[in-house]
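Basis for what follows: all heavy atoms, side chains included, without hydrogens, waters or symmetry-related copies. We number each residue from 1, following the sequence as shown. Fair warning: this is a prediction, and the values are worked out from it, not measured in the lab.
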Amino acid sequence: ATAAGSWLVAEFVVLLLLQYVVEGSWRFHLHGTDAAVPSALTHLIFYLASVAAPFPIFRFPGYLGPFLYCASVCYQTIAGPLMLLMAFRLDGDGRLPQTELWALLGGTTGLVLLGANLMGCYMVPEYRETFYKHKSFKTLVQWMWTERERCSYGEGTDASRAHVLNFATWTWPPSDQVRAWLEEGWAKWE
């Protein structure tokens with residue numbers, strides 16, 4: 001139990017550090033969850049969920065992002081046999097059914113590889129890179145600010161920019177851009 005707990009804590013810390021290196025911040029992007037404790041809890045939830053089942057939504061730049069998502073899935077696929085070897089080594093009594101566990105791990109790893117290949121073959125080719133190519137959340141926000149024309153708030157650049165302001169302030173475009181847009185549109189919005 002101690003070895004497994006240490007392994008999980010080490011993985012969580014490494015993921016948090018990688019998030020900081022890749023994104024430039026480890027804080028979460030939504031208002032109210034961008035403080036230290038909520039951000040750490042959010043990352044813990046994402047880590048535990050990605051260990052249980054690496055859902056594709058985690059590739060969204062505000063969560064793990066494409067690069068960390070791909071690295072996490074590859075790591076988990078490679079780490080499975082290492083974890084199993086460690087479990088057998090720590091099993092002093094020899095009570096673990098080694099043959100069955102290796103067969104189970106081999107079968108599930110094969111399914112993961114088959115699923116990844118099928119997903120890659122059948123997805124729209126221009127979206128493949130959303131599973132591995134790095135795109136920071138700030139880059140996504142900048143795209144939303146300058147190019148996006150449609151969002152849940154409606155159509156047009158103004159709706160998209162209003163949506164961007166729902167994110168934590170550290171993710172916003174430069175303040176001069178935000179100020180200029182607000183000054184320009186304030187009269188027509190009142």
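- Residues L44 and L30 are members of one and the same hydrophobic cluster, defined by side-chain heavy-atom contacts under 4.5 angstrom among Ile, Leu, Val, Met, Phe, Trp and Tyr.
- Heavy-atom contacts from other residues, nucleotides or ligands closer than 6.0 Å to CH2 of W189 number more than 12.
- E149 and T157 get closest at one heavy-atom pair: OE2-OG1, 3.2 Å.
- The aromatic ring centroids of Y63 and F137 lie 6.0 Å or more from each other.
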Return a table of donor-acceptor pairs under 3.5 angstrom between the side chains of residues 139-148 and protein atoms on other chains or two or more places apart.
| residue | atom | partner | partner atom | Å |
| --- | --- | --- | --- | --- |
| T139 | OG1 | S136 | OG | 2.8 |
| W143 | NE1 | E147 | OE1 | 3.4 |
| W145 | NE1 | Q177 | OE1 | 3.4 |
| T146 | OG1 | Q142 | O | 2.9 |
| R148 | NE | S160 | OG | 2.8 |
| R148 | NH2 | S160 | OG | 3.3 |
| R148 | NH2 | H163 | ND1 | 2.9 |

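- Across all non-hydrogen atoms, the minimal contact from W26 to A40 is CZ3-N, 3.7 Å.
- Annotation: W172 is not in aromatic contact with W181 [ring centroid separation under 6.0 Å not met].
- Taking the ring centroids of F28 and F46, they lie under the 6.0 Å cut-off.
- In this structure, T171 OG1 and D34 CG are separated by 8.5 Å, a value rounded to the nearest 0.5 Å.
- A donor-acceptor pair under 3.5 Å is absent between the side-chain atoms of R27 and the main chain of A35, judged by distance alone.
- One N or O on the side chain of T108 and one on the backbone of L105 form a donor-acceptor pair closer than 3.5 Å.
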For a quick test of your reading: what N or O donor-acceptor pairs under 3.5 Å do the side chains of residues 66-79 make, sequence neighbours left out?
| residue | atom | partner | partner atom | Å |
| --- | --- | --- | --- | --- |
| Y69 | OH | P54 | O | 2.9 |
| S72 | OG | Q76 | NE2 | 3.0 |
| Y75 | OH | W7 | NE1 | 3.2 |
| Y75 | OH | E11 | OE2 | 2.6 |
| Q76 | NE2 | S50 | O | 3.2 |
| T77 | OG1 | V73 | O | 2.8 |

Show your working on side chain to side chain contact (heavy atoms under 4.5 Å, CB included) between H134 and V22 and close with a plain yes or no. CA-CA 8 Å; H134 174 63; V22 169; 3.0 Å; yes
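- A donor-acceptor distance shorter than 3.5 angstrom exists from the side chain of K138 to the backbone of W170, with no hydrogens or angles considered.
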Would L17 and V13 count as a side chain to side chain contact (heavy atoms under 4.5 Å, CB included) if you check the C-alpha gap in whole Å, the side-chain angles of each, and the deciding distance to 0.1 Å? CA-CA 6 Å; L17 291 173; V13 170; 4.1 Å; yes
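- No side-chain heavy atom of E183 sits under 4.5 Å from any side-chain heavy atom of W186.
- Atom-to-atom distance recorded for L114:CG and M119:CE is 11.5 Å, nearest 0.5 angstrom.
- Using a 4.5 Å cut-off on side-chain heavy atoms (C-beta onward), L90 and M86 make contact.
- In this structure a side-chain-to-backbone donor-acceptor pair under 3.5 Å is missing from D91 to A87.
- Proximity of a side-chain donor or acceptor of T42 to a complementary backbone N or O of T33 within less than 3.5 Å is not detected.
- Residues V37 and L41 are in side-chain contact: their nearest non-hydrogen atoms beyond the backbone lie under 4.5 Å apart.
- Residues K188 and D158 share a closest heavy-atom pair of NZ-OD2, 3.1 Å.
- Rounding to the nearest 0.5 Å places CZ of F167 at 10.0 Å from CG of L165.
- A pairwise comparison of heavy atoms in W102 and P81 identifies CH2-O, 3.9 Å as the closest pair.
- Annotation: side chain of F88 is in contact with side chain of L101 (closest heavy-atom distance under 4.5 Å).
- Between L48 and L8 there is no side-chain heavy-atom pair separated by less than 4.5 Å.
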